[in-house]
Every structure is written in structure tokens, then in C-alpha cells.
Novice: 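Mind looking over this structure? Questions follow.
What's counted below: heavy atoms across the whole structure, side chains too, no hydrogens, waters or symmetry copies.
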Amino acid sequence: MRYELVIFDNDGVLVDSEPLSNTILAAYLTELGHPTSYEESLRDYMGGAVHRVHDTVLERTGRRLPEGFDEEFHARVFAAFARELEVVAGVPDMLAKLVAEGVPYCVASSGSHERIRVGHQKTGLDRWFPEGRVFSAQDVGRGKPAPDLFLHAAERMGVAPEHCAVVEDSPLGVRAARAAGMDVYGFTAMTPAAKLGTATGYFDDMGQLLGLLA
């Protein structure tokens, strides 16, 4: 394989959480007086950290979200995860092949460490991602589309950015990877390739990924 490190986004790439979390986010924002559809939530917030929600609402309405918004939103999301969250099809087999080939990998997510941990424990991915391979926007000052998170993950894993491949499913994530000087492969199961900008390549099935990275 021509890369020394594969960096995975989490939501929508490893765990099928985007439909759940964006349905909940749209409903909660609407409940708070900021009418938001599921499609608008995907468009505006998919791939971003929760502070993006605060910033966007404040910019558009001049109103701040209430104290406790993050805690309530995450409580609703975690309850849905416990009931419904699934691993993205093909991910365990793909990770097993990476391990067999000796290719290092990690996860770099806009979600909190708690969100990553809850999702991985529910889906069994925690066996593949011990603590040293998990990086969150909480670890850096700016979330995606800034490159900080991907650069942090590469530094902690001891690999230069130009030798990293990122796997993303959001426009924000693709922009962040490009800004970090990394190749990025767009997973199009939820987001059409045309919306993923300047990705290095595209795929819609995890069984296709290793062929692209070879």
C-alpha cells in the first residue's frame, strides 16, 4: 500500500450514525424555535463539531442556543445509538485486512471522545480502535474544515501528512483533509461525489476502499 497511515472519519464512515444524529438535531433545533429539516441539518452540520451548530444559529438569528444544549442533544443521540446504531457494512472486514497487511490506521472525528466511545462500544468497533488510535475535535482548537484535527492525528501516529490517506463522507471533512495536505477518499453512500469537492477518489462500498489505497 502506498500510504503509511489511513485516517478514518467516524460518523457515516465507520458507524451509520448520520441519519440518527441529524434527525435528532433537526427536531431539537425546530423544538427550540429554529425550524430545521433533516436535509438542512445534513447540508449545514454533517461532518462538523457541535460548536458549528452554535455558531451557525447565532450568525443566522442573533440568538444563542440555551445552556445545556450540548448535554441534551448528546443525551438524545446516545439514547438513539443504544437502540439503533449499526456499523457501516463492510467495515470490520476492511479493518481486518488493514491489520493483516500491517497498515496503521486511526479515527479522527468531529464528535466528542464520549460520542466515539459510545458508538464503538455499541457496534463492536472498540476492539479495533484502542485509545491511542482515537482522536477527536476536542483535542484541537478548531474542528473541520480546519486541518488541525487531521494534522494532530498524523503527528500523534508519527506519519507525515503527505503519506496519509483520509476516508471522509462530508464536504467539511474533504476540505479539512485537503487543507492538511493529505489525499482523501470520499465515501458516497450518503453524499454524492459531486458534493465532496476535490476528493482524490470516490467509492460507495467499503469493499472497494483497499483497492483505491493500493
Side-chain angles (χ1 to χ4, degrees), residues 1-15 17-18 21 44-56 70 74 88 91 94-95 98-99 101-120 125-126 128-188 190-191 193 195-203 206 209-210 212-214:
M1 189 171 291
R2 55 199 167 103
Y3 297 104
E4 296 177 14
L5 177 66
V6 181
I7 304 176
F8 292 97
D9 176 43
N10 187 59
D11 293 293
V13 170
L14 298 176
V15 295
S17 52
E18 293 291 9
S21 59
D44 295 338
Y45 306 122
M46 181 175 169
V50 71
H51 68 76
R52 182 178 180 86
V53 182
H54 289 267
D55 294 345
T56 301
D70 294 8
H74 287 134
V88 169
V91 163
M94 178 270 298
L95 293 173
L98 282 179
V99 170
E101 294 186 18
V103 179
Y105 63 88
C106 64
V107 60
S109 172
S110 293
S112 66
H113 278 284
E114 183 182 14
R115 178 181 173 126
I116 299 167
R117 183 171 63 253
V118 168
H120 285 194
L125 288 179
D126 50 339
W128 299 101
F129 290 94
E131 185 175 343
R133 294 185 185 224
V134 176
F135 305 101
S136 161
Q138 287 182 309
D139 303 330
V140 295
R142 299 181 298 168
K144 305 169 189 177
D148 305 36
L149 176 56
F150 289 137
L151 292 172
H152 171 72
E155 181 181 16
R156 290 289 301 272
M157 296 293 291
V159 177
E162 61 268 24
H163 299 307
C164 296
V166 174
V167 183
E168 266 287 355
D169 72 329
S170 74
L172 292 176
V174 170
R175 286 167 54 194
R178 281 306 198 187
M182 300 175 181
D183 285 352
V184 54
Y185 293 87
F187 184 43
T188 61
M190 278 194 62
T191 308
K195 293 187 177 181
L196 290 178
T198 58
T200 310
Y202 307 93
F203 67 105
M206 278 295 161
L209 177 59
L210 297 192
L212 292 174
L213 300 179

Novice: What pair of heavy atoms forms the shortest contact from Leu212 to Tyr202, and how long is it?
Specialist: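 Distance-wise, the nearest heavy atoms are CD1-O, 3.7 Å.
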Novice: Which residue pairs pass the ring pair (Phe, Tyr, Trp, His ring centres under 6.0 Å) test with at least one member in residues 150-179, sequence neighbours excluded?
Specialist: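 Residue pairs with at least one partner in residues 150-179: Phe135-His152.
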Novice: Can you tell me how far the CG atom of Leu95 sits from the CG atom of Leu210, to the nearest 0.5 Å?
Specialist: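 The CG atom of Leu95 sits 9.0 Å away from the CG atom of Leu210.
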Novice: Just grab all the salt bridge (charged side-chain N to carboxylate O under 4.0 Å, His left out) pairs involving residues 151-168, residues at least two apart or on different chains.
Specialist: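 Checked against salt bridge (charged side-chain N to carboxylate O under 4.0 Å, His left out) - neighbours excluded - the pairs reaching residues 151-168 are Lys144-Glu168.
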Novice: Any idea which heavy atoms bring Thr191 and Pro171 closest together, and the distance?
Specialist: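 Shortest heavy-atom contact: CG2-CD, 4.4 Å.
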Novice: Do Leu209 and Val167 have side-chain heavy atoms sitting under 4.5 Å apart?
Specialist: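 In contact.
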Novice: When you compare the side chain of Val107 with that of Arg133, does any pair of heavy atoms fall below 4.5 Å?
Specialist: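 No, every pair of side-chain atoms sits at 4.5 Å or beyond.
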Novice: Can you tell me if Arg2 uses its side chain to pair, donor with acceptor, with the backbone of Ala214 under 3.5 Å?
Specialist: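 It does hold such a pair.
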Novice: Which pair of non-hydrogen atoms, one from Asp9 and one from Val13, has the smallest distance, and what is that distance?
Specialist: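 Scanning both residues, the minimum pair turns out to be O-CB, 3.4 Å.
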Novice: Got a donor-acceptor contact below 3.5 angstrom from the Thr200 side chain to the Val184 backbone?
Specialist: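 Judged by distance alone, yes, a pair lies under 3.5 Å.
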Novice: Does the side chain of Val166 come within less than 4.5 Å of Arg178's, by heavy atoms?
Specialist: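 No; the side chains remain at least 4.5 Å from each other.
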Novice: Would you find a donor on one side and an acceptor on the other, under 3.5 Å apart, between the side chain of Ser110 and the backbone of Gly47?
Specialist: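 Side chain of Ser110 to backbone of Gly47: a pair is present.
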Novice: First locate atom CD of Glu101, then atom CE of Met1, and finally report the distance between them rounded to the nearest 0.5 Å.
Specialist: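 If I round to the nearest 0.5 Å, the distance is 5.0 Å.
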Novice: Nearest 0.5 angstrom please: Cys164 SG to Leu151 CG, how far?
Specialist: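 Nearest 0.5 Å value for the SG-CG distance: 9.0 Å.
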Novice: Quick one: ring-ring contact (aromatic ring centres under 6.0 Å, His included) partners of Phe129, sequence neighbours excluded?
Specialist: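 Scan of Phe129 (ring-ring contact (aromatic ring centres under 6.0 Å, His included), adjacent residues dropped) gives Tyr105, His120.
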Novice: Is there a donor-acceptor contact under 3.5 Å from the side chain of Glu4 to the main chain of Ala160?
Specialist: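 Checking the backbone N and O of Ala160 against the side chain of Glu4, no donor-acceptor pair under 3.5 Å is found.
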Novice: For a 4.5 angstrom cut-off between non-hydrogen side-chain atoms, does Ile116 reach Ser136?
Specialist: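 When only atoms from C-beta onward are counted, Ser136 and Ile116 do touch, with a gap below 4.5 Å.
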Novice: Mind checking the CD-NE2 spacing from Gln138 to His113? Nearest 0.5 Å is all I need.
Specialist: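 Between Gln138 CD and His113 NE2, I get 5.5 Å after rounding to 0.5 Å.
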Novice: Hey, are the side chains of Met46 and Asp169 touching, using non-hydrogen atoms and a 4.5 Å cut-off?
Specialist: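 Yes, at least one pair of side-chain atoms sits under 4.5 Å.
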Novice: Between Arg117 and Ser112, is there a side-chain donor-acceptor contact under 3.5 Å, judged purely by atom types and distance?
Specialist: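 No, because no side-chain N or O of Ser112 sits under 3.5 Å from a partner of the opposite role on Arg117.
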Novice: Could you pull out all residues at least two apart from Tyr45 that satisfy ring-ring contact (aromatic ring centres under 6.0 Å, His included)?
Specialist: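 With neighbours one apart ignored, the set is empty.
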Novice: Output the distance between atom CG (Leu98) and atom CH2 (Trp128), rounded to the nearest 0.5 Å.
Specialist: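 Rounded to the nearest 0.5 Å, the CG-CH2 separation comes out at 9.0 Å.
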Novice: If we ignore hydrogens and angles and just use 3.5 Å, is the side chain of Ser170 paired with the main-chain N or O of Gly173 as donor and acceptor?
Specialist: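 Answer holds: yes.
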Novice: Taking side chain to side chain donor-acceptor pair (under 3.5 Å) as the definition, give me every residue that meets it alongside Ser17, ordered by chain and number, with sequence neighbours left out.
Specialist: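 By the side chain to side chain donor-acceptor pair (under 3.5 Å) rule, Ser17 matches Asp11.
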Novice: In chain order, what residues pass the ring-ring contact (aromatic ring centres under 6.0 Å, His included) check against His54, with sequence neighbours excluded?
Specialist: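 Only Phe69 meet the ring-ring contact (aromatic ring centres under 6.0 Å, His included) criterion with His54.
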Novice: So do Leu213 and Val6 actually touch side chain to side chain, heavy atoms under 4.5 Å?
Specialist: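 Of all side-chain heavy-atom pairs linking Leu213 with Val6, at least one is under 4.5 Å.
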Novice: Work out which heavy atom in Arg142 is nearest to a heavy atom in Asp148; give both atom names and the distance.
Specialist: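 Shortest heavy-atom separation between Arg142 and Asp148 comes out as NH2-OD1, 3.1 Å.
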Novice: Nearest heavy-atom pair of Met157 and Gly132: which atoms, and what distance?
Specialist: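 Shortest heavy-atom contact: SD-O, 3.9 Å.
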Novice: How far apart are the closest heavy atoms of Gly143 and Ala137, and which atoms are they?
Specialist: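 Scanning both residues completely, I find the closest heavy atoms to be CA-CB, 4.3 Å.
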